[in-house]
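Keep in mind that the numbers below use all heavy atoms, side chains included, and drop hydrogens, waters and symmetry copies. Every chain is numbered from 1, with letters handed out A, B, ... down the list of sequences.
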There are 2 protein chains.
Amino acid sequence: MTVEAKGRAGGSVVARVPKATFRAHIADALRAAILNGNIEPGAQVIETALAEQFGVSRGPLREAMRQLIDEGLLVAVPYTGTHVVDLSVDDVREIYSMRVTLEIFAFEQIWARRDQAFRRELVARHDALTACIDAQDDAASIIAELQLHGFVYEATGHKLLIRTWESIRGRLQLYWAAHHRAHGIRGPRREGHDRYVEMALADDIEALKAEIADHMARGGRQTEDFLRGRPASAGTA
Amino acid sequence: MTVEAKGRAGGSVVARVPKATFRAHIADALRAAILNGNIEPGAQVIETALAEQFGVSRGPLREAMRQLIDEGLLVAVPYTGTHVVDLSVDDVREIYSMRVTLEIFAFEQIWARRDQAFRRELVARHDALTACIDAQDDAASIIAELQLHGFVYEATGHKLLIRTWESIRGRLQLYWAAHHRAHGIRGPRREGHDRYVEMALADDIEALKAEIADHMARGGRQTEDFLRGRPASAGTA
DNA sequence: CAATAATCGATTGTCGACAATCTGCGCCGA
DNA sequence: TCGGCGCAGATTGTCGACAATCGATTATTG
């Protein structure tokens, strides 16, 4: 049993996880570390160091890193190094413009299904987000907002759309989290989401399109200011 | 340092000998083998066999396979096996519905740029496609059609959109190629693309939206008939 | 002193062997 | 005969060591 977990004094938050595959667990842990800011945007990620830290060999670790590269969270240069992605202003602008298109498409799909349970669930997610905002818990608010929007995509049942959202979500979360840490206060606001959900429940597709576009424009503007003038240092994938 | 991915020229005659990294070279070769039908949809892909066939160890081969899994061309089950994806009717339907949304978004981006060179290039790609169709070269027609639509995405300069298109293109090509081999005749038709390009040049966004939707609906209907009743055997990722 | 070549450390790429897991088949007992 | 059990083959998962490449630093030379 060479898979015996090594001593690992300290922490030991995770006892053992050999059940599924190391690749999956490491990918989750590494993704969390990046999104939590434990590894800063632009920082280099060294295979040997991480492998030792996780207590595994470089094989599974490399495959986990490949996955994060495909998710757009890491950028690798052969024989040279791998860095956490550092989003540029254009990258953020692209993410927001893409979200407008995808989210409107999502609502078209949802409405075509006439799924009534969707309304209840949407309200529930919105309530959860509102609670986090009122509690001024910015970190939880970011998660709640991602889950609110994520639910919209999930509700479509459109696997390809969900897959596409997931390929964007990580970068969006990375940006929000970095922005929050750098600016201190921020976190999602109430007003925008109140209108967003109101329109979503109103079946007025044109109004919702306008609201989504405005919702994104506000978020995009708010965030671009922070990034402007700070050139990306580690490629923008 | 802006990370430039390795240029992947569409042409294939330039036999870039494997001295970049095996991973990239193998990923290209394996992808080509799948799209050419040398490996059938649903067929199992065995690491050891492929590694020997390519003359490399399993390490680089596994990473190449991981990449194709992320592209949606392979489906893996831990400790059990990896198969070429076998698209279901729903999968194809999703691809086409997604293309409607993405391609309309692409034209909105292009028009916002007022790029005049775009028109000339679009016509050039359309002429190339028409030539392939008139020559009744179905295989070349499929490539030409992919390049026509691909150019639309490229012309947006929207990296995230291009990335998304590339994540779909492989599966679309896989389906088209498999469909063509199974049905013999088919290949793209002239009429649809003539109208498509005509509308694209007309600056009439509403007409183009309708045309794209109709274009996709025709393609989707044409292809669904073939797949209907044939259950996917290897997961639909 | 400047420009170029050689060298060294760091990091990733690759390999071959071993371990863990799944699947199908044969065996045994009720 | 039938159903559960275990064994063997096949396939993927993991490991540790070695080789190739890159970047920067230093030595060399005009």
Side-chain angles (χ1 to χ4, degrees), chain A residues 1-8 14-30 39 42-70 73-85 233-235 237, chain B residues 1-6 16-30 39 42-70 73-85 233-235 237:
Chain A
M1 170 74 104
T2 51
V3 194
E4 258 306 313
K6 320 202 160 165
R8 297 262 293 157
V14 52
R16 310 213 334 183
V17 269
K19 201 32 187 171
T21 66
F22 286 167
R23 174 181 57 249
H25 289 278
I26 292 176
D28 291 343
L30 185 53
I39 310 177
Q44 185 171 9
V45 178
I46 295 163
E47 292 180 1
T48 53
L50 263 187
E52 185 173 4
Q53 186 172 337
F54 280 118
V56 299
S57 77
R58 282 176 52 216
L61 184 93
R62 280 174 64 88
E63 296 188 7
M65 287 177 65
R66 282 287 141 199
Q67 183 173 334
L68 295 192
I69 289 171
D70 283 308
L73 294 179
L74 294 177
V75 178
V77 181
Y79 286 109
T80 301
T82 304
H83 293 75
V84 177
V85 70
S233 63
Chain B
M1 169 195 276
T2 329
V3 176
E4 266 293 331
K6 296 172 242 322
R16 288 245 275 139
V17 205
K19 262 323 173 191
T21 66
F22 288 167
R23 175 181 56 249
H25 186 246
I26 292 175
D28 291 342
L30 185 53
I39 311 177
Q44 186 171 10
V45 178
I46 295 163
E47 292 180 3
T48 53
L50 264 187
E52 185 174 4
Q53 185 172 336
F54 280 116
V56 299
S57 76
R58 282 176 52 216
L61 184 92
R62 279 174 65 88
E63 295 187 8
M65 287 176 64
R66 281 286 142 202
Q67 182 173 334
L68 295 192
I69 289 171
D70 282 308
L73 294 179
L74 294 176
V75 177
V77 180
Y79 287 109
T80 301
T82 305
H83 293 75
V84 177
V85 70
S233 62

Quiz item: CG/A:Leu74 to CD/A:Gln67 distance, rounded to the nearest 0.5 angstrom?
Solution: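 If I round to the nearest 0.5 Å, the distance is 10.5 Å.
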Partners passing side chain to side chain contact (heavy atoms under 4.5 Å, CB included) against [X] (at least two apart in sequence or in another chain):
X: A:Ala51; answer: A:Arg58, A:Leu61
X: A:Gln44; answer: A:Ile46, A:His83
X: A:Ile39; answer: A:Leu30, A:Ala33, A:Ile34, A:Ala43, A:Val45, A:Val84

Interatomic distance, [X] [atom1] vs [N] [atom2] [rounded to whole Å]:
X: A:Leu61; N: D:dG13; atom1: CG; atom2: C1'; answer: 14 Å
X: A:His25; N: D:dG13; atom1: NE2; atom2: P; answer: 13 Å
X: B:Glu63; N: C:dT14; atom1: CD; atom2: P; answer: 8 Å
X: B:His83; N: D:dA10; atom1: NE2; atom2: P; answer: 16 Å

Exercise. Could I get the full list of side chain to side chain donor-acceptor pair (under 3.5 Å) partners for A:Arg62, not counting sequence neighbours?
Key: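 Counting only residues at least two positions away or on another chain, A:Arg62 forms a side chain to side chain donor-acceptor pair (under 3.5 Å) with A:Glu47, B:Glu63.
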Practice problem: Go through B:Asp28 and B:His25 one step at a time and tell me if the side-chain contact (heavy atoms from CB on, under 4.5 Å) criterion holds. | Solution: CA-CA 5 Å; B:Asp28 291 342; B:His25 186 246; 5.7 Å; no
Atom pairs, protein N/O to nucleotides 8-12 of chain C N/O, distance under 3.5 Å:
| unit_1 | atom_1 | unit_2 | atom_2 | d |
| --- | --- | --- | --- | --- |
| C:dT12 | OP1 | A:Val45 | O | 3.1 |
| C:dT12 | OP2 | A:Glu47 | N | 3.1 |
| C:dT12 | O3' | A:Tyr79 | N | 3.3 |

Quiz prompt | side chain to side chain contact (heavy atoms under 4.5 Å, CB included) partner of A:Ile26, the single match among A:Leu50, A:Val56, A:Leu68, A:Thr21 | solution =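 Checked A:Leu50, A:Val56, A:Leu68, A:Thr21 against A:Ile26; only one passes side chain to side chain contact (heavy atoms under 4.5 Å, CB included): A:Val56.
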Quiz item: How large an angle, rounded to 10°, do the end axes of the helix from C:dC1-D:dG30 to C:dA30-D:dT1 enclose when each is built from five base pairs?
Solution: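 End-to-end axis angle for the helix from C:dC1-D:dG30 to C:dA30-D:dT1: 10°, rounded to 10°.
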